[in-house]
Amino acid sequence: MSEIFISYAREDKQAAQMLASILKEHGFSIWWDRKIPPGKTFDEVIQGALDRAKCVVVLWSRASIESDFVKDEAQRAANRQILVPVLIEAVRIPLGFGRLQTANLVDWQGDPAHPEFDRLLRSLAATVGRPMPSESSIRMQRPPGIERPPEIHRFAGVEPEEPAPPPDEPRPRKRNTVLWGVALALLAAIAIAGWLLYLKPAAPAPIDPVPEPPAEVAVEEPEPAPMDESAEAALESIEEEPQLEIDVASALAELERMAADPSVLDKDLLGAFRQLGADAGEELDEAQAQEVMATIRSLEASIDDLAELEAMVKQGDLTLLEQIEAWRGFVPTREASPAAERREARLAELDELARGSASIADPDLFVTCRGVREDSNGKAVEPTGVADAFGPGTVHLFAWVRSPRSREALRLEWRDGAGKVVKSNAVTVYRNEQPGYRFHYYRQFGEPGSHEVRLYNEDGVLIGRRQFEINPGKAPSLPAERFVDHGNGTVTDRRTRLTWTRAEISNGEGIRWEEAAEDCRGLDLARRDGWRLPSLAELETLRDSSARVELRGLFQVWSSEQAGSGRAWQLDFKSGERVESRNRKKRGSAVLCVTGG
């Protein structure tokens with residue numbers, strides 16, 4: 001569980017990342033990178049992390065004070081009295097939050113000695129209920145004239161055992177304890193002998209009638225006794241000798257060799273880089289320090305991502321397709337490493353499972369609904385009243401299931417909000433290609449609350465799951481609007497999770513394929529990125545009558561798929577046919593751009 005939740009606007013991601021990294025080095029566990037695992041919604045993940053946090057840090061900036069999401073997260077934290085606000089740009093804090101003491105990090109560049117950052121640390125420590133780190137554990141002295149990122153001297157929390165000496169003091173030297181004692185003893189003996197000679201009483205002087213000033217008596221210094229070989233060796237050991245230093249170039253070369261060795265674990269390589277930072281942090285130049293720090297952070301992220309992925313899979317809540325997507329999305333820091341081998345082996349296992357047993361033919365049509373439409377033969381054809389919330393009564397499950405086996409036994413489970421199986425059905429499907437075997441089951445529900453239905457193949461692998469709600473005393477809810485018009489020139493398809501341009505972008509004139517691809521890549525619309533030409537399959541999802549896109553009188557729309565030299569595929573929205581254009585340079589075709597998925 002993360003102690004601290006950082007709330008920020010998307011435009012401030014770099015500032016959030018820097019703050020999160022340095023707070024981690026001070027021992028805090030941070031939730032800031034809003035990666036959404038497969039099978040989870042954005043709201044579920046954010047709400048869960050926010051509820052579990054002991055402290056919420058909100059970064060106020062020009063972008064965040066305009067963000068409804070940031071203000072909502074800040075209000076939830078303020079209600080729980082765990083909000084710690086931070087100012088990263090000179091802006092007026094939104095109404096209702098100005099009464100809280102705010103750390104001013106407008107001019108902060110990552111220096112842990114900054115007074116406002118120190119103030120922030122103390123506030124965080126008090127809020128999460130832990131002691132404040134000591135000054136010596138969070139500050140290190142920099143060499144004169146060298147500016148480095150403050151965190152580079154700590155290297156992920158590894159501190160040197162002793163502080164570095166001031167520049168004008170000699171470095172500590174190694175000494176031979178036995179010989180040093182012998183030398184000191186000899187020197188003491190010589191000193192005592194000299195003092196005895198000096199203090200020896202002189203003969204009495206004659207008494208003259210007229211006293212005269214005494215003549216100066218020259219006292220000769222005694223000759224030092226000759227030293228034996230052991231004493232000479234002891235003194236030689238005291239002579240100035242250079243301190244042993246780490247050969248940075250050799251150390252970096254060895255780390256590079258370790259990184260290239262596919263048998264070296266990421267955690268072992270991370271430990272070696274941290275040790276280099278602890279032993280030779282002051283010997284690294286600016287470029288080397290940044291490279292080492294970047295490698296440490298990359299290895300930490302890779303190790304954390306793999307552990308999180310393994311935990312999610314072990315929990316058993318990911319379907320087969322979700323597992324495949326999750327492993328594909330995991331990118332190890334090193335291409336040749338045990339983590340990379342684990343990824344490839346797991347993908348191979350999952351691919352074999354997907355090809356060898358039943359799977360959901362169309363995940364978007366594994367749905368709960370109020371009923372099904374039947375054909376003339378009485379077979380279920382398609383769902384009606386698709387929804388995730390119902391009143392007490394009958395809830396239907398509809399899906400298309402594909403199996404490579406001639407006959408396969410599946411298991412269907414209906415579960416309550418606590419995960420308890422309240423009903424189980426044995427289901428038999430038969431070999432069938434696209435669109436798959438029609439799958440339709442239903443059950444009566446009267447108890448309000450959250451429920452879930454799960455489908456397992458014959459190998460016991462979860463291949464489909466769907467959550468739904470039973471609301472007391474309410475009629476089954478109508479299906480949600482599939483296409484959502486955001487009013488900013490974009491439309492989102494709830495079923496495919498794709499966001500489209502509201503209208504084709506050539507203004508009804510039609511353009512060449514190369515121009516269409518380039519225009520989509522460079523599109524700046526609704527503060528979204530990743531715009532591109534859609535595939536044929538994605539275009540075909542728009543032929544639904546409820547799709548809210550305008551073609552401006554054009555019906556043939558460019559796809560991203562090429563059909564050979566100088567040719568590309570289009571979709572004809574009138575006939576629904578795929579059309580091969582023999583000339584990509586020909587004008588007259590419409591352009592719809594898409595992002596997401």
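Each residue takes its place number in the sequence, starting with 1.
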Practice item. Could you give me the CA-CA distance, side-chain angles and deciding distance for Q109 and M18, then say whether side-chain contact (heavy atoms from CB on, under 4.5 Å) is met? Key: CA-CA 9 Å; Q109 299 297 324; M18 179 175 71; 5.7 Å; no
Review point. Please walk me through it: do V58 and K71 pass side-chain contact (heavy atoms from CB on, under 4.5 Å)?
Key: CA-CA 9 Å; V58 60; K71 288 187 284 189; over 6 Å; no
Review point. So R52 and F5, side-chain contact (heavy atoms from CB on, under 4.5 Å) or not? Walk me through it.
Key: CA-CA 9 Å; R52 291 189 296 269; F5 177 105; over 6 Å; no
**Study point:** Steps toward side chain to side chain donor-acceptor pair (under 3.5 Å) verdict (S560, S535)
**Key:** CA-CA 5 Å; S560 61; S535 66; 5.5 Å; no
Practice item. Carefully, step by step, assess T127 and K54 under the rule side-chain contact (heavy atoms from CB on, under 4.5 Å). Key: CA-CA 7 Å; T127 305; K54 296 180 179 179; over 6 Å; no
Review point. Does the pair D12 and R62 meet the rule for a salt bridge (charged side-chain N to carboxylate O under 4.0 Å, His left out), with working shown?
Key: CA-CA 9 Å; D12 302 322; R62 285 184 292 273; over 6 Å; no
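The closest side-chain heavy-atom distance from V484 to V491 is not below 4.5 Å. R465 has its side chain out of reach of L455: every pair of non-hydrogen atoms, C-beta onward, lies at least 4.5 Å apart. Looking at F366 and I463, their side chains never come closer than 4.5 Å, going by heavy atoms from C-beta outward. Counting heavy atoms from C-beta outward, L120 and V86 have side chains that approach closer than 4.5 Å. Counting heavy atoms from C-beta on, the side chains of N425 and K423 come closer than 4.5 Å. At a threshold of 4.5 Å between non-hydrogen side-chain atoms, the residues E504 and E550 do not count as touching. Here the side chains of L320 and I360 are not in contact, with every heavy-atom distance at 4.5 Å or above.
Minimum interatomic distance between G576 and L571 (heavy atoms only, all atoms of both residues): O-CD1, 3.8 Å. When every heavy atom of W531 is checked against every heavy atom of L525, the shortest pair comes out as NE1-O, 3.7 Å. Closest heavy-atom contact between C55 and V84: SG-CG2, 3.6 Å. Closest heavy-atom contact between A526 and N488: CB-ND2, 3.3 Å. Here the closest heavy-atom approach between residue T384 and residue C369 is recorded as O-CB, 3.4 Å. Of all heavy-atom pairs spanning W500 and L592, the tightest one is CE3-CB, 4.2 Å.
Counting non-hydrogen atoms of other residues, nucleotides and ligands closer than 6.0 Å to CG of D524 gives a total of 12 or fewer. In the displayed structure, Y442 atom OH is contacted under 6.0 Å by at most 12 heavy atoms of other residues, nucleotides or ligands. The number of heavy-atom neighbours closer than 6.0 Å to CD of E580, taken from other residues, nucleotides and ligands shown, is above 12. Within 6.0 Å of CZ on R80 lie more than 12 heavy atoms contributed by other residues, nucleotides or ligands.
Judged by distance alone, the side chain of R567 and the main-chain N or O of A563 form a donor-acceptor pair under 3.5 Å. Counting only distance, with no hydrogens or angles, the side chain of S357 and the backbone of L353 share a donor-acceptor pair below 3.5 Å. A donor-acceptor pair under 3.5 Å links the side-chain atoms of E322 to the main chain of T319, judged by distance alone. Using a distance-only test at 3.5 Å, with no hydrogens or angles considered, a donor-acceptor pair links the side chain of T368 to the main chain of A387. A distance-only check finds no donor-acceptor pair linking the side chain of T490 to the backbone of T501 [under 3.5 Å]. For D416 (side chain) and G419 (main-chain N/O), a donor-acceptor pair under 3.5 Å exists by modelled atom type. A side-chain donor-acceptor contact under 3.5 Å links S64 to the backbone of S61. Checking side-chain atoms of Y8 against main-chain N and O of W32 turns up a donor-acceptor pair under 3.5 Å. A donor-acceptor pair under 3.5 Å links the side-chain atoms of E515 to the main chain of R512, judged by distance alone. Checking side-chain atoms of N457 against main-chain N and O of D459 turns up a donor-acceptor pair under 3.5 Å.
Remark: aromatic rings of F97 and W60 are close, center separation under 6.0 Å.
Take R411 and apply the side-chain contact (heavy atoms from CB on, under 4.5 Å) test, not counting sequence neighbours, and it matches E413, S424, Y456. Residues meeting the ring pair (Phe, Tyr, Trp, His ring centres under 6.0 Å) test with F330, sequence neighbours left out: none. Residues passing the side-chain contact (heavy atoms from CB on, under 4.5 Å) test with T102, sequence neighbours excluded: P85, L87, I93.
A salt bridge is defined here as a Lys NZ or Arg NE, NH1 or NH2 lying under 4.0 Å from an Asp or Glu carboxylate O, and R76 with E73 fails to meet this definition. A salt bridge does not link R297 to E300: none of the charged side-chain nitrogens sits closer than 4.0 Å to a carboxylate oxygen. Ionic pairing of E452 and R466 is not present here: no N-O contact between side-chain nitrogen and carboxylate oxygen is shorter than 4.0 angstrom. Note on E540 versus R578: salt bridge recorded, some NZ/NE/NH1/NH2 to OD/OE distance being below 4.0 Å. Salt-bridge formation is not detected for the pair D529/R10: no Lys NZ or Arg NE/NH1/NH2 atom is positioned less than 4.0 Å from an Asp or Glu carboxylate oxygen.
A distance of 6.5 Å separates CG of L347 from CZ of R328, quoted to the nearest 0.5 Å. Rounded to the nearest 0.5 Å, atoms CD1 (I324) and CG (L350) are 5.5 Å apart. Note that CD1 of I22 and CD1 of I30 are 11.0 Å apart. Values are rounded to the nearest 0.5 Å. The line from CG of L533 to CG of D519 is 9.0 Å long, rounded to the nearest 0.5 Å. How far CG of L59 is from CD1 of I65: 13.5 Å, rounded to the nearest 0.5 Å. Atom CD1 of I88 sits about 11.0 Å away from atom CG of N104, to the nearest 0.5 Å.
By the 30° and 60° cut-offs, the orientation of the rings of W400 relative to F398 is perpendicular.
In summary, the side chains of S589 and Q556 do not present any donor paired with an acceptor at a separation below 3.5 Å, with no hydrogens or angles considered. Inspection of the T496 and D493 side chains reveals an N or O donor paired with an N or O acceptor under 3.5 Å. A side-chain donor from one of T492 and T499 sits under 3.5 Å from a side-chain acceptor of the other.
When the options F390, F445, W414 are evaluated for a ring-ring contact (aromatic ring centres under 6.0 Å, His included) with H451, the one that passes is F445. With respect to E538, the salt bridge (Lys or Arg N to Asp or Glu O under 4.0 Å) criterion is satisfied by exactly one of R495, R532, R497: R532.
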